[in-house]
Each structure stands twice: as structure tokens, then as C-alpha cells.
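Excluded from the calculations below are hydrogen atoms, water molecules and symmetry mates; all remaining heavy atoms, backbone and side chain alike, are included. Just so it is clear, the structure is predicted and the values come from calculations on it, not from any experiment.
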Amino acid sequence: MCLVISLAKRLAVWAAILGSLGLLAQRVGAANKRTVPRVAGETPRNIIFVLADDHRFDAMGFAGHPFLETPNLDRMARGGAWFPNTFVTTSLCSPSRASIVTGQYAHNHQVVDNYNPLPKGLIFFPEYMQAAGYETAFIGKWHMGGNIDHAQPGYNHWVSFKGQGTYWPDGHGTSRKVPQNSYDGFNVNGKRVPQKGYITDELTDYALEWLGQQNSDKPFFLTLSHKAVHADFVPADRHKGRYKNEKLPVPKTFAKGGDNFRNKPRWLRDQRNSRHGADFAYNLPDFDLNAYYIRYCEALLAVDENLGRLFDLLEKRDLLQSTLVVYMSDNGFQFGEQGLIDKRTAYEASMRVPFLMHCPEVIDGGSVIKKVVANIDVGPTLLEAAGLSTPGHMDGRSFWQLAKGNDIPWRDFVLYEYFWERNYPHTPTLHAVRGERFKYIRYHGLWDTNELYDLQADPDETTNLIFEPEHQETVAKLNKRLFELLAKSGGMNLRLAPDRGPTFPKRHPERSAPADFPKQFYGTSE
């Protein structure tokens with residue numbers, strides 16, 4: 001009997017050991033999925049990634065804005081590298097943010113709107129940093145997968161809020177109800193904490209607190225993701241009224257007819273009288289575009305101020321020279337371009353964003369790098385700065401060597417895509433390619449015209465060249481290039497998602513009438 005008991009105990013011990021080894025193997029296997037080869041010669045850097053919302057590419061002092069003051073963004077440009085040709089591959093909050101954290105086009109990560117849950121199996125680039133020994137933190141607006149704020153993979157420290165959050169906990173300063181606004185406060189590592197003050201300041205407080213706890217034992221990666229300057233724009237009380245005497249620089253394509261409508265798509269002219277058009281913006285009967293723009297500029301002041309607070313901390317801790325600080329936006333914003341507001345389109349004000357990198361130890365101050373880069377490149381670039389190679393599932397490429405002044409082969413065109421939303425049915429499904437000179441836009445499922453712009457001759461996109469005989473070869477070439485890029489990245493199928501959230505289809509009965517067809521569509525024979 002004793003022999004039987006002894007044998008049973010031994011078997012139980014071996015079973016426990018084998019079980020533990022099996023569990024360990026599973027854990028090692030899971031970790032290996034987040035392991036990529038090291039990059040020779042790259043020292044893992046401390047990295048701070050600051051992500052703004054709806055910040056236009058030209059809304060910075062050093063970029064030539066007529067009155068907006070951005071001394072800390074100007075400081076970044078003087079002391080680092082500016083990429084003036086940076087684009088998002090889908091100009092919409094959730095898809096763009098998903099492209100940033102996955103390094104993938106929307107047709108691959110499948111996050112095509114702001115309401116549907118995140119698909120299973122997505123891998124976020126901070127997971128690779130975490131596996132390589134980084135301390136990682138996410139602080140701010142997540143806004144992917146619907147109205148959620150729970151912690152996501154890849155982050156040791158987590159502070160977020162549901163949906164769009166709110167500028168002030170009591171909601172003061174806003175002029176309309178914004179879909180997915182939330183007054184539930186913050187999720188701080190799983191604990192619900194009330195919001196106390198102005199959100200741009202408070203998120204930076206959380207960021208500075210976390211940074212102050214980091215020591216030199218491990219490198220750190222921080223994402224500070226601002227709500228600002230998402231509509232409905234609310235400046236900090238201290239900045240309210242700063243620009244009350246200034247005026248919106250009226251875009252060249254704001255005109256309601258005449259040459260501005262020549263060869264423009266019907267959907268575009270129809271959208272002018274819609275929630276995202278200048279004639280019926282947000283379906284408000286008394287919308288004031290100039291006042292809205294002034295609030296936008298005033299709300300940006302706190303973003304810039306708080307960027308300065310980050311620089312001050314790095315300088316105090318003697319980390320400013322060696323830490324990589326990156327600033328960008330998830331998409332742009334239209335203030336009357338083509339008669340529109342908001343984003344989603346493939347026009348410059350929508351898809352082009354600020355992008356600055358500051359790391360004086362390796363990046364020359366005052367660098368201006370005009371290569372066409374995109375949000376899908378952010379993950380690969382920051383991974384290389386962390387000494388890690390690009391995972392095979394990513395569509396983007398690292399431009400870390402470009403930032404350091406090295407010449408490497410680079411892309412000719414960036415691919416852009418947007419998938420029609422039931423919520424905002426004014427903008428059609430579209431694909432585009434954008435190079436350093438030409439942009440070609442192709443619309444899907446519409447009886448309408450496509451667009452071609454020569455951005456060197458016409459940076460404001462005033463003249464659609466799609467019907468010009470001398471540009472037919474360019475149209476054919478770019479159409480071919482578009483489908484090459486789609487095929488190469490697995491984008492030849494359209495993503496369908498269930499209807500979720502409200503829809504806003506209204507037109508004003510007394511404002512812009514429906515558009516006519518282009519004159520080229522009229523005729524009595526083939």
C-alpha cells in the first residue's frame with residue numbers, strides 16, 4: 001500500500017512539473033509572438049509619443065500660421081525634424097488610431113468606424129517594446145472599439161476615458177452635444193477616478209507623474225493621447241478670448257459656385273448642405289465658421305503649453321538630449337476647404353497632419369524632410385528607435401533613418417482609403433494615392449467623377465485635372481499604382497460592419513440645392 005501511495009505521489013509531482021512546463025511553454029510561445037530581432041547599432045531610447053486630435057498640418061506658428069502661437073511646437077521644429085508631407089491613411093479617429101498602433105491599413109486592421117468593437121487578434125506595437133523590457137504607459141484618448149476605456153495590451157500603466165470624454169467635467173464651454181461624449185471620468189489602472197479639471201492639463205499631470213517615477217533601469221515609452229482639439233472645441237478658461245479679434249483665413253475653395261465647382265464631384269457639392277458642409281454644419285441653423293475656428297485655435301494653446309511642460313521635465317532630469325519626443329495628430333480638419341468642415345475626405349486639410357521628431361543626440365535641428373510618410377509608419381519607426389525591427393504583419397515602414405539624416409529608398413505614393421459610414425452618409429467610399437506632386441482620388445459605387453490634382457502647381461486643390469487631355473496618361477498611371485498598392489497590401493476587398501450609433505442624413509431645405517452632373521457626362525451617343 002505504501003509503495004502504491006509513494007508511486008501515486010511521484011506521478012502527481014511529475015504531472016505538476018509537466019503541467020508547469022506546458023504552461024511555461026505556452027507563455028514563452030505567447031511572448032515569442034511579440035519578439036522581433038534587434039536592430040544592430042541602435043540603442044533603445046526613451047520615447048514620448050504625443051498624439052493630438054484633429055490638428056491641421058498648417059496650424060502651427062513655424063508653419064506660417066498668421067496668428068496662432070505655438071512656441072513649443074516651434075521649439076521642436078528648430079531642435080528636431082519636421083515631416084511636412086505626413087498623412088493618415090484614413091482620416092477618421094478610430095481607423096487612424098488603429099493604423100498608428102498596428103502599423104496597418106484599415107483594410108487589414110478592420111477598424112473602419114468609431115462604433116464597432118475591435119477585431120480579435122490585433123497586435124499593438126508597444127507589445128513588442130514591453131516584451132523587450134520597456135516600461136510602457138498609455139494616458140488619454142483611446143477611442144477604438146466603441147465607447148470603452150479598459151486597459152489594452154502593451155501598456156504597464158493605463159489612464160483613459162470612454163469615447164470622446166469631455167473637456168471639462170461639468171461640460172461648460174461646449175455649444176452642442178457630441179456623439180460619444182462621456183462624463184464618467186478616468187479609468188486609472190482599472191479604478192474609476194473623477195475628472196477634476198481641464199482635460200489637456202489633467203492628462204499631462206498624469207503623464208508627468210508617471211514619468212517622474214521612471215528610473216534609468218529600464219527604458220520607457222509613453223503615449224500621451226490628447227482629446228484636444230476634437231470638436232466641439234473648448235479652450236481652457238485662461239485662453240478663452242485670446243483670438244477673438246482674429247479671422248479665419250478663408251480657403252480658396254470656399255466659394256459656392258463658379259470656377260470653384262468646375263469639374264468637382266457631385267457628392268462634394270451636395271455635401272456642402274449637410275452635417276459636414278459649411279452651409280449646414282452639424283445641422284445647426286446658426287453655425288458660425290469663423291467663431292468655430294477661433295475656438296479651435298484657442299483650444300490648441302493648451303496642447304502647446306503642456307508640450308512645454310514635458311520638455312521642462314526632460315530638461316530638469318537631463319533627458320532632453322537623448323529622449324525621442326514625437327508629436328503628430330490622428331487626422332486634420334477642414335475649415336471651409338471645398339465648402340466642407342470635419343475630415344474623412346482625401347483632401348489635404350483632412351488627411352495631412354503635423355509630424356515632428358525631437359532627439360538632439362541623433363536628429364539635426366531644423367531638419368525638413370519632405371518624403372511622403374504616413375501613420376502606418378509610426379509603429380515601425382518607434383520600434384526601430386527602440387532598437388527593434390519591423391514585425392512582418394505591418395504595412396508601414398520605419399523612417400527612423402530618414403529622421404537621422406540618412407538616405408534610404410522610400411515610397412513614391414502613400415495609399416489612402418475611407419469606407420462609407422451609415423452614421424455620416426455624406427462622404428462616399430474612396431481610395432487615393434498621394435505623392436510629392438500628384439494626388440489621384442477614385443470614388444467607389446458612385447455615378448460621379450474622380451479627381452486629379454497637381455499639388456506643386458495647385459497646393460489648394462482648386463483645379464480638378466481629371467478630364468484634361470494632357471493628364472490622361474497620369475490618370476492611367478496613378479489608377480494602376482493605386483491598385484498595385486491595394487493588391488500588395490491585401491486591400492482588394494471592402495470591409496462591411498454592422499450599423500451602430502446615430503445617423504445624420506439631414507439637409508437644410510433652403511440652402512444649397514442638389515448638384516448637377518459634370519458637363520462631360522452629357523451626350524446623345526457613345
Participant: Show me the side-chain donor-acceptor pairs of residues 39-54 shorter than 3.5 Å, one per line, residues at least two apart or across chains.
Facilitator:
{"from": "E42", "atom 1": "OE1", "to": "W400", "atom 2": "NE1", "distance (Å)": "3.0"}
{"from": "E42", "atom 1": "OE2", "to": "W400", "atom 2": "NE1", "distance (Å)": "3.3"}
{"from": "E42", "atom 1": "OE2", "to": "Q401", "atom 2": "NE2", "distance (Å)": "3.3"}
{"from": "E42", "atom 1": "OE2", "to": "K404", "atom 2": "NZ", "distance (Å)": "2.5"}
{"from": "R45", "atom 1": "NH1", "to": "S322", "atom 2": "O", "distance (Å)": "2.9"}
{"from": "R45", "atom 1": "NH1", "to": "E361", "atom 2": "OE1", "distance (Å)": "3.0"}
{"from": "R45", "atom 1": "NH2", "to": "E361", "atom 2": "OE1", "distance (Å)": "3.1"}
{"from": "N46", "atom 1": "OD1", "to": "F220", "atom 2": "N", "distance (Å)": "3.0"}
{"from": "D53", "atom 1": "OD2", "to": "R97", "atom 2": "NH2", "distance (Å)": "3.0"}
{"from": "D53", "atom 1": "OD2", "to": "K141", "atom 2": "NZ", "distance (Å)": "2.5"}
{"from": "D54", "atom 1": "OD1", "to": "N331", "atom 2": "ND2", "distance (Å)": "2.5"}
{"from": "D54", "atom 1": "OD1", "to": "K343", "atom 2": "NZ", "distance (Å)": "2.9"}
{"from": "D54", "atom 1": "OD2", "to": "K343", "atom 2": "NZ", "distance (Å)": "3.1"}

Participant: Should F483 and V433 count as side-chain neighbours, where that means a heavy-atom distance under 4.5 Å?
Facilitator: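 When only atoms from C-beta onward are counted, V433 and F483 do not touch, as no gap falls below 4.5 Å.
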
Participant: State the CG-CZ distance between L122 and F124, to the nearest 0.5 angstrom.
Facilitator: 5.0 Å

Participant: Mind running side chain to side chain contact (heavy atoms under 4.5 Å, CB included) on L324 and M357 for me, showing each step along the way?
Facilitator: CA-CA 7 Å; L324 172 61; M357 304 180 79; 4.0 Å; yes

Participant: Report the distance from atom CE of M76 to atom OH of Y327, rounding to the nearest 0.5 Å.
Facilitator: 9.5 Å

Participant: Where do N114 and S94 land on the side-chain hydrogen bond (donor to acceptor under 3.5 Å, both in side chains) test, with the steps shown first?
Facilitator: CA-CA 5 Å; N114 291 342; S94 295; 3.0 Å; yes

Participant: Could you walk me through whether Q338 and T345 pass side-chain hydrogen bond (donor to acceptor under 3.5 Å, both in side chains), step by step?
Facilitator: CA-CA 10 Å; Q338 311 293 350; T345 72; over 6 Å; no

Participant: Is the distance between the ring centroids of F335 and Y293 under 6.0 Å?
Facilitator: yes

Participant: Salt bridge or not between R352 and E461? Use side-chain N to carboxylate O under 4.0 Å.
Facilitator: no

Participant: Can you check whether M328 reaches F83 side chain to side chain, under 4.5 Å on heavy atoms?
Facilitator: no

Participant: Side chains of H157 and N189: is there a donor and an acceptor less than 3.5 Å apart?
Facilitator: yes

Participant: Counting distance only, does the side-chain N/O of T90 pair as donor-acceptor with the main-chain N or O of E417 below 3.5 Å?
Facilitator: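 Checked: pair present.
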
Participant: Just to verify, which of F125, F161, W158 counts as forming a ring pair (Phe, Tyr, Trp, His ring centres under 6.0 Å) with F138?
Facilitator: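 Testing F138 for a ring pair (Phe, Tyr, Trp, His ring centres under 6.0 Å) against F125, F161, W158 leaves exactly one candidate, W158.
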
Participant: Would you say D458's side chain and D454's backbone share a donor-acceptor pair under 3.5 angstrom?
Facilitator: no

Participant: Under 6.0 Å from the six-membered ring centre of F87 and within 45° of its axis: does the NZ or CZ of R434 meet both?
Facilitator: no

Participant: Calculate, to the nearest 0.5 Å, the distance between atoms CG and OH belonging to D395 and Y105 respectively.
Facilitator: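 Reported value, rounded in 0.5 Å steps: 6.0 Å.
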
Participant: Apply side chain to side chain contact (heavy atoms under 4.5 Å, CB included) to the pair R500 and D113, showing each step before the final yes or no.
Facilitator: CA-CA 9 Å; R500 285 188 169 92; D113 62 28; over 6 Å; no

Participant: Kindly indicate whether the side chain of F62, heavy atoms from C-beta on, has any atom under 4.5 Å from the side chain of R78.
Facilitator: no

Participant: L224 versus L203: any side-chain heavy-atom pair under 4.5 Å?
Facilitator: yes

Participant: I'd like to know if K196 pairs up with D205 as an ion pair, taking the criterion as any Lys NZ or Arg NE/NH1/NH2 lying under 4.0 Å from an Asp or Glu carboxylate oxygen.
Facilitator: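 Looking at D205 together with K196, the answer is no, because their closest N to O distance does not fall below 4.0 Å.
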
Participant: Just checking N406: does its CG atom have more than 12 heavy atoms from other residues, nucleotides or ligands closer to it than 6.0 angstrom?
Facilitator: yes

Participant: Would you say that more than 12 heavy atoms from the other residues, nucleotides or ligands in this model lie under 6.0 Å from the NE2 of H393, or not?
Facilitator: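 Atom NE2 in H393 is packed in, count exceeds 12.
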
Participant: Given 3.5 Å as the limit, does a donor-acceptor pair link the side chain of Q321 with the main chain of L319, or not?
Facilitator: no

Participant: To the nearest 0.5 Å, what is the distance between CH2 on W420 and CG on L496?
Facilitator: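 Answer rounded to 0.5 Å: 10.0 Å.
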
Participant: Would you check, one step at a time, whether the test side chain to side chain contact (heavy atoms under 4.5 Å, CB included) holds for F221 with Q130?
Facilitator: CA-CA 9 Å; F221 171 66; Q130 199 178 43; over 6 Å; no

Participant: Using atom types as modelled, flag every donor-acceptor pair under 3.5 Å from a side chain in residues 226-235 to any protein atom, sequence neighbours excluded.
Facilitator:
{"from": "K227", "atom 1": "NZ", "to": "Q164", "atom 2": "O", "distance (Å)": "2.8"}
{"from": "H230", "atom 1": "NE2", "to": "Q164", "atom 2": "NE2", "distance (Å)": "3.2"}
{"from": "D232", "atom 1": "OD1", "to": "S175", "atom 2": "OG", "distance (Å)": "3.2"}
{"from": "D232", "atom 1": "OD1", "to": "Y292", "atom 2": "OH", "distance (Å)": "3.3"}
{"from": "D232", "atom 1": "OD1", "to": "R295", "atom 2": "NH2", "distance (Å)": "3.0"}
{"from": "D232", "atom 1": "OD2", "to": "T174", "atom 2": "OG1", "distance (Å)": "2.6"}
{"from": "D232", "atom 1": "OD2", "to": "S175", "atom 2": "N", "distance (Å)": "2.6"}
{"from": "D232", "atom 1": "OD2", "to": "S175", "atom 2": "OG", "distance (Å)": "3.1"}
{"from": "D232", "atom 1": "OD2", "to": "R295", "atom 2": "NH2", "distance (Å)": "3.1"}

Participant: For N375 and S96: C-alpha separation, side-chain torsions, deciding distance, then whether side-chain hydrogen bond (donor to acceptor under 3.5 Å, both in side chains) applies.
Facilitator: CA-CA 7 Å; N375 56 352; S96 179; 3.2 Å; yes

Participant: Which pairs of donor and acceptor atoms, one on a side chain in residues 210-218, lie under 3.5 Å apart (sequence neighbours left out)?
Facilitator:
{"from": "Q214", "atom 1": "NE2", "to": "W210", "atom 2": "O", "distance (Å)": "3.0"}
{"from": "N215", "atom 1": "OD1", "to": "D217", "atom 2": "N", "distance (Å)": "2.9"}
{"from": "K218", "atom 1": "NZ", "to": "E135", "atom 2": "OE2", "distance (Å)": "3.4"}

Participant: About how many Å separate CG of L485 and CG of L415, when rounded to the nearest 0.5 Å?
Facilitator: 5.5 Å

Participant: What I'd like to find out is whether the side chain of L382 reaches to under 4.5 Å of the side chain of V326, using heavy atoms alone.
Facilitator: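 L382 reaches V326 side chain to side chain.
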
Participant: Report yes if the side chains of Y443 and N450 come closer than 4.5 Å at any heavy-atom pair, otherwise no.
Facilitator: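 Yes, at least one pair of side-chain atoms sits under 4.5 Å.
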
Participant: Flag the pair T89 / V414 as yes when at least one side-chain heavy-atom distance between them is below 4.5 Å, and no otherwise.
Facilitator: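 Side-chain contact under 4.5 Å: yes.
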
Participant: Between K371 and D377, does any side-chain N to carboxylate O distance fall below 4.0 Å?
Facilitator: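 D377 and K371: not salt-bridged.
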
Participant: Do W410 and I408 make a side-chain contact, defined as non-hydrogen atoms from C-beta onward lying under 4.5 Å apart?
Facilitator: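 When only atoms from C-beta onward are counted, I408 and W410 do touch, with a gap below 4.5 Å.
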
Participant: Taking R422 for the side chain and G501 for the main chain, is one N or O donor matched with an acceptor at less than 3.5 Å?
Facilitator: yes

Participant: Could you walk me through whether W168 and Y198 pass the ring pair (Phe, Tyr, Trp, His ring centres under 6.0 Å) test, one step at a time?
Facilitator: CA-CA 5 Å; W168 289 102; Y198 187 65; 5.1 Å; yes

Participant: Verify whether the ring centers belonging to Y440 and F413 lie closer than 6.0 Å.
Facilitator: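 Judged by ring-centre distance (under 6.0 Å), Y440 and F413 do not meet the cut-off.
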
Participant: How long is the straight-line distance from CZ of R344 back to NE2 of H276, given to the nearest 0.5 Å?
Facilitator: 4.5 Å

Participant: Can you confirm if the NZ or CZ of R495 lies within 45° of the ring axis of F419 and under 6.0 Å from the centre of its six-membered ring?
Facilitator: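 No; the conditions do not both hold, so R495 does not lie above the ring face of F419.
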
Participant: Would N72 and R75 satisfy side-chain hydrogen bond (donor to acceptor under 3.5 Å, both in side chains), going step by step from the backbone distance to the final call?
Facilitator: CA-CA 5 Å; N72 293 294; R75 176 186 183 182; 4.5 Å; no

